[in-house]
Amino acid sequence: MRFTVAPPERLRSQAELAEVHVVGPGERVEPATVTRVGDLLIVDRPGTGSARLRCPWPVPGFGTPVVATCSLAEHAVDAEPHRLAIELARGLVGVAREQVAAARRANVLLPPKILEELGRAWGSFVQAACGDSEAEGVDPAEAAERSIVAACSVADSVAAARADRRLSLLKRQSSHPPASLAIRAGQGTDPRERLPAALFGPFRTAAIPAGWASIEPVRGHRNWTALDAALDRCEAVGAAPAVGPLLDFSPGGLPDWLAEYRGSPGNLESLCADFVETVIGRITGRVRTIEVCGAANIGGALGLDEPTRLGLVARTVQVARGVDEENRLFLRIARPFGDYLARGEHRLAPLQFADALSRAGVGLDGVTLELAIGFESVGTPPRTLAGYERLLAGWSKLGVPLRISLAVPAIPPKSGVESSDWRAGGSPEKQAEWIRHHLPLFFATDPVVEVEWALARDSGPGKAPERLNGGGLLAADGARRPALGQFAEFARQFAVDPDAGTHLDIAVMDDETEELGEPPTWAGDAYDG
């Protein structure tokens, strides 16, 4: 597949090209080689048939989100290349029209300005795709850019309207918020630093890391001090603890000494099962929510292949279920958009990985989706609000409760290339704005049961850096960032009293009952913004 890139300065850097990937039938990200030759973007893939292209694209007012074309046919050797900006506009206009139709089916009242903006998106697309640029004085690339901006505006506005309506209905029908808020502690040994008292206003759940590498760095020498102290801290402040992931398959997440067993799956499985059984036995009665495994869909630790990781996760979840049937066992999925499949090193998409475990009947209760937005090397490139809504719509089909783990940096990226838009973070103010704009969507989406902020406090000089350092609600010196105020304000709006720690009663305004409606289903484009 070949695309003409206009303006030609787009998609020049290796970092941008690395984010370009192809989505084939069944919403599967396919391996592909992406090269730039002059103004041509050439995508080589082993698959056949139609496919869609996803790529980062600067959109005024939206930063540089990953957006997608609609399905496009492969090229004959002598065919004209696709015009990338026009095909992105075509895809985004289709998404916007679908969003509006879904909102109408759900009886969501849309302001006239949204429909007017949809008309502008369509009109600009028609100009770009069908207009005679010489006769009409229309630059197709500029018309396509106008269409992209308008389509993104429509889709985001509709997604926000749907979330607001659902929250409004839930507030009227229940005296409890639809999901809880959680804060993830850092890796430090002092629980007062990991779980500062300042955080236990809006947050009623404390997520406590308990990775094998930190508990047993030397074989046979397990140190429970940090875990026990954190649980004591939760009891002291009245917070519900959630623990895990116990087995972290990201690079460095498992003990180094375990490497000698990677060629012996049976022994490795026994060691993992023993550790999981020991931890859960130790915390039973104090903890109900446990993430057994994390990042197993991507791997990296020990260089284990995909079938080995899948079998290892299934076995350890079974063991965890056998220790205490009352525990809620979750699997943490990293990079749930599945863009890592483009490297050709994995066969299962994130949803397929989780679905395989769910169907196996091993006792899995739910899934945590990790969205670390804007973090270089370990994070997920930003999407539009509609992109996240569509991701959640796809995962809702799994039929299990979802936890959402969010992180956005409050410091500039190390590369020094900082977006002027707030959607990828980069400053305390941008981090707070991201939360204000996105949190209602995640909070309102069924079947989300908990929304977690992935780091309480940054680590300072002389301390081991946190994986998502820079994303804390507290700076390394303990100073509160504006994002903490956004969570407190959100908690007040949705009937959680951050001072008393109790749910407020909400009076029903009238006897009218309304249907909340089903989450939107997106034919063919379930994961794109």
Side-chain angles (χ1 to χ4, degrees), residues 14-15 18-19 21 29 31 184-188 207-219 226 243-265 267-269 271-272 275-276 279 291-313 316 330-350 353-354 367-381 405-407 409 413-415 454-455 458-459 463-472:
Q14 286 300 316
E19 299 297 343
H21 53 277
V29 176
R184 176 160 288 270
Q187 295 284 353
I208 302 169
W212 196 356
S214 62
I215 290 176
E216 193 178 6
V218 178
R219 185 176 183 185
V243 170
L246 307 183
L247 302 181
D248 184 356
F249 288 86
S250 61
L254 295 176
D256 293 338
W257 57 265
L258 210 59
E260 62 181 281
Y261 296 97
R262 62 185 165 196
S264 178
N267 289 335
L268 183 61
E269 186 177 288
L271 288 167
C272 291
F275 174 76
V276 168
V279 176
E291 286 183 347
V292 181
C293 299
N297 60 306
I298 295 180
L302 306 184
L304 301 176
D305 60 29
E306 198 169 54
T308 300
R309 292 196 308 274
L310 193 62
L312 199 57
V313 172
T316 50
F330 279 73
L331 170 72
R332 177 171 285 249
I333 294 291
R335 298 171 68 179
F337 283 99
D339 48 353
Y340 59 88
L341 291 166
R343 299 195 301 265
E345 300 170 0
H346 303 76
R347 296 188 63 186
L348 294 178
F353 192 93
V367 171
T368 300
L369 303 183
E370 183 179 88
L371 291 169
I373 309 301
F375 286 89
E376 296 174 340
S377 76
V378 298
T380 297
S405 181
L406 303 174
K414 293 180 179 179
S415 65
L455 184 60
D458 290 347
S459 57
K463 298 181 180 180
E466 302 287 351
R467 175 173 168 268
L468 300 175
N469 212 31

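Rounding to the nearest 0.5 Å gives a distance of 6.0 Å between CG of Leu268 and CG of Leu304. Atom-to-atom distance recorded for Leu331:CG and Thr368:OG1 is 8.0 Å, nearest 0.5 angstrom.
Using a 4.5 Å heavy-atom threshold, the side chains of Val292 and Val313 count as separate. At least one side-chain heavy atom of Leu254 sits less than 4.5 Å from a side-chain heavy atom of Phe249. Counting only heavy atoms from C-beta outward, the side chains of Leu310 and Leu348 approach each other to under 4.5 Å. Looking only at side-chain heavy atoms (C-beta outward), Glu216 and Trp257 come within less than 4.5 Å of each other. Using a 4.5 Å cut-off on side-chain heavy atoms (C-beta onward), Leu271 and Arg219 make contact.
With salt bridges taken as basic N to acidic carboxylate O contacts below 4.0 Å, one links Glu291 and Arg184.
The two residues Leu341 and Val29 have their closest heavy-atom pair at CB-O, 3.6 Å. Contact record, Gly186 with Leu455: CA-CD1, 4.1 Å, taken as the closest heavy-atom pair. Shown here for Gly374 and Pro409, the closest heavy-atom pair between the two residues is O-CG, 4.0 Å. Between Val367 and Phe330, the closest heavy-atom pair is N-CD2, 3.3 Å. Shortest non-hydrogen contact noted between Leu247 and Cys272 is CD1-CB, 3.9 Å. Taking both residues in full, the closest heavy atoms of Ala296 and Phe353 are given as O-CZ, 3.6 Å, listed atom of the first, atom of the second, then distance.
Using modelled atom types, no side-chain atom of Asp248 and backbone atom of Ala295 make a donor-acceptor pair closer than 3.5 Å. Looking only at distances, no side-chain donor or acceptor of Thr380 sits under 3.5 Å from a matching main-chain atom of Leu371. A side-chain donor-acceptor contact under 3.5 Å links Asn469 to the backbone of Ser459.
For Tyr340, the ring pair (Phe, Tyr, Trp, His ring centres under 6.0 Å) partners are His346, not counting sequence neighbours. Under the side chain to side chain donor-acceptor pair (under 3.5 Å) criterion, Thr316 pairs with no residue at all, not counting sequence neighbours. With sequence neighbours excluded, no residue forms a salt bridge (charged side-chain N to carboxylate O under 4.0 Å, His left out) with Glu19. Residues passing the salt bridge (charged side-chain N to carboxylate O under 4.0 Å, His left out) test with Asp458 are Arg481, sequence neighbours excluded. Partners of Arg309 under the salt bridge (charged side-chain N to carboxylate O under 4.0 Å, His left out) rule, at least two apart in sequence or in another chain, do not exist in this structure.
Identified under the salt bridge (Lys or Arg N to Asp or Glu O under 4.0 Å) test for residues 334-348, with sequence neighbours left out: Arg335-Asp339, Arg343-Glu345.
Around CG of Asp305, the count of heavy atoms belonging to other residues, nucleotides or ligands within 6.0 Å exceeds 12.
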